[in-house]
Amino acid sequence: MFEPEELYGKETRQSDWGKPELHAGPVVPTSFDEVVKKLRLSPSEYEGSTQLKEWARKNKDQKYIPDDLLRFWGFEVKGDP
């Protein structure tokens with residue numbers, strides 16, 4: 001009996017044959033990213049922005065906001081002890 005490599009050669013055989021292809025979806029900015037862009041803030045300005053802090057206070061339970069920023073402002077972070 002012959003092996004498949006004898007017919008096709010090892011270098012032409014695809015080891016992922018039959019597996020579904022996984023494609024990453026488009027990168028979509030988060031609401032946080034959109035607010036930061038609208039406010040024209042650089043990362044070094046996040047902590048001192050009262051407008052961003054107020055937006056975070058209102059949206060911290062529904063929107064993504066970096067945990068370190070929430071902690072800096074004294075907000076409770078889900079999952080912290």
Show me the donor-acceptor pairs, under 3.5 Å and distance only, between side chains in residues 55-62 and residues at least two apart or in other chains.
{"from": "R57", "atom 1": "NE", "to": "E54", "atom 2": "OE1", "distance (Å)": "3.2"}
{"from": "R57", "atom 1": "NE", "to": "E54", "atom 2": "OE2", "distance (Å)": "3.3"}
{"from": "R57", "atom 1": "NH2", "to": "E54", "atom 2": "OE2", "distance (Å)": "2.5"}
{"from": "N59", "atom 1": "ND2", "to": "W55", "atom 2": "O", "distance (Å)": "2.8"}

Enumerate, atom names and distances included, each donor-acceptor pair closer than 3.5 Å involving a side-chain atom of residues 36-44, sequence neighbours excluded.
{"from": "S42", "atom 1": "OG", "to": "S44", "atom 2": "OG", "distance (Å)": "3.1"}
{"from": "S42", "atom 1": "OG", "to": "E45", "atom 2": "OE1", "distance (Å)": "3.2"}

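For E34, the side chain to side chain contact (heavy atoms under 4.5 Å, CB included) partners at least two apart in sequence or on another chain are P29. With sequence neighbours left out, the salt bridge (Lys or Arg N to Asp or Glu O under 4.0 Å) criterion links D68 to R71. Partners of D33 according to the side-chain hydrogen bond (donor to acceptor under 3.5 Å, both in side chains) rule, which considers only residues two or more places apart in sequence or in another chain, are T30.
Counting only residues at least two apart or on different chains, the ring-ring contact (aromatic ring centres under 6.0 Å, His included) pairs with a member in residues 28-50 are F32-Y46.
Taking CZ of F75 as the reference point, atom CG of L69 lies at 8.5 Å (rounded to 0.5 Å).
Shown here for W73 and E47, the closest heavy-atom pair between the two residues is NE1-O, 3.0 Å.
The hydrophobic cluster of V27 has no other members, since no ILVMFWY side-chain heavy atom comes under 4.5 Å of it.
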